[in-house]
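Read the structure below first, then the notes.
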Amino acid sequence: MSARDIARIAVFAALTAGMGLIGAISVGGAVPITLQTLGVMLAGAVLGPWRGAASMALLLFGVAIGLPLLAGGRGGIGVFMSPTAGYLIGWVVAPIVIGLIVGSRPVWWRVALGSIIGGILVVYLFGIPVQAWFTELSIGETIITSLVFLPGDLTKVVIATLVTMGLYRAYPRAFAMESAKRAPEPVAH
């Protein structure tokens, strides 16, 4: 992994943390709505599957050691023992799915599809069972209560798609490429 890759991973971890500074809206008192899942979607679409997952793992490592990187200034190992824990774990898996769907050259429909499948369905797949367990609701009840998040998440998909495609047009080098596909660097003699 190059220094450039490490820097990009750190930037997306910081970007996602920064999206939590805007604050959160708590719905039903259980799980806050934040812009941070937008950062998860962008990490997968721009960095690709493995670097995107690494950026979210770095963010969660910071949270685990007590840095206040989640919405509302939350941090510490305790957040992994709360209704949000499953969603946070989903943040690491989501960029893998998004990155695999988007591929090395983003096209708007693949970015949107990847963000829906990875950024919503995968995150919910991890988040809803853990939320149900902590809130002592059934999975069905938790799914129904989670539907309130869907309009906001779909809006984030649209934003992620627009930002990704705009960034790709403006600066395609920002996107993850397999090292085998990169042109070799000239050797100075």
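Along the sequence shown, residues are numbered consecutively beginning with 1.
- Closest approach of Ile98 and Gly119 over heavy atoms only: CD1-N, 3.7 Å.
- Taking OG1 from Thr161 and CH2 from Trp109, the interatomic distance works out to 12.0 Å, rounded to the nearest 0.5 Å.
- For Arg169, there are no side-chain hydrogen bond (donor to acceptor under 3.5 Å, both in side chains) partners at least two apart in sequence or on another chain.
- Minimum interatomic distance between Thr164 and Pro106 (heavy atoms only, all atoms of both residues): CG2-CB, 4.2 Å.
- At a threshold of 4.5 Å between non-hydrogen side-chain atoms, the residues Val158 and Leu154 do not count as touching.
- Val92 and Ile65 fall within the same hydrophobic cluster, defined by Ile, Leu, Val, Met, Phe, Trp and Tyr side-chain heavy atoms under 4.5 Å apart, directly or through other members.
- When side chains are defined from C-beta on, Gln131 counts as touching Tyr87, because their heavy atoms get closer than 4.5 Å.
- Within the 4.5 Å cutoff, side-chain heavy atoms of Leu70 are placed close to those of Leu88.
- Residues passing the side-chain contact (heavy atoms from CB on, under 4.5 Å) test with Ile143, sequence neighbours excluded: Ile128, Ile139.
- Using a 4.5 Å cut-off on side-chain heavy atoms (C-beta onward), Ile120 and Met41 make contact.
- Across all non-hydrogen atoms, the minimal contact from Ala53 to Pro95 is N-CB, 3.6 Å.
- Follow the hydrophobic side-chain contacts under 4.5 Å out from Ile159 and you reach Leu15 in the same cluster.
- The hydrophobic clustering, which links ILVMFWY residues whose side-chain heavy atoms are closer than 4.5 Å, places Ile9 and Leu38 apart.
- The shortest non-hydrogen separation linking Ala85 to Val130 is CB-CG1, 4.0 Å.
- Looking at Thr145, its side chain does come within 3.5 Å of a backbone N or O of Thr142 through a donor-acceptor pair.
- Every residue two or more places apart in sequence or in another chain that forms a side-chain hydrogen bond (donor to acceptor under 3.5 Å, both in side chains) with Ser82 is listed here: Thr84.
- In this structure, the side chains of Leu47 and Ser55 come closer than 4.5 Å at one or more pairs of heavy atoms.
- Of all the heavy atoms in Pro68 and Gly73, the pair that sits closest is CB-O, 3.1 Å.
- If you chain together hydrophobic residues whose side chains sit under 4.5 Å apart, Phe126 and Phe134 never meet in one group.
- At least one side-chain heavy atom of Val63 sits less than 4.5 Å from a side-chain heavy atom of Phe80.
- Gln36 contributes a side-chain N or O that, together with a main-chain N or O of Leu69, makes up a donor-acceptor pair within less than 3.5 Å.
- In the hydrophobic clustering of ILVMFWY residues, with side-chain heavy atoms under 4.5 Å counting as a link, Leu58 and Val40 come out apart.
- Closest approach of Met1 and Asp5 over heavy atoms only: CG-CB, 3.4 Å.
- When the side-chain hydrogen bond (donor to acceptor under 3.5 Å, both in side chains) test is applied to Thr37, the partners found at least two apart in sequence or on another chain are Lys156.
- With sequence neighbours left out, the ring-ring contact (aromatic ring centres under 6.0 Å, His included) criterion links Tyr168 to Phe175.
- For the atom pair CD1 of Ile89 and CG of Leu125, the computed distance is 13.0 Å after rounding to the nearest 0.5 Å.
- With sequence neighbours excluded, the residues forming a side-chain contact (heavy atoms from CB on, under 4.5 Å) with Leu147 are Leu150, listed by chain and number.
- A donor-acceptor contact shorter than 3.5 Å links the side chain of Arg110 to the backbone of Arg105.
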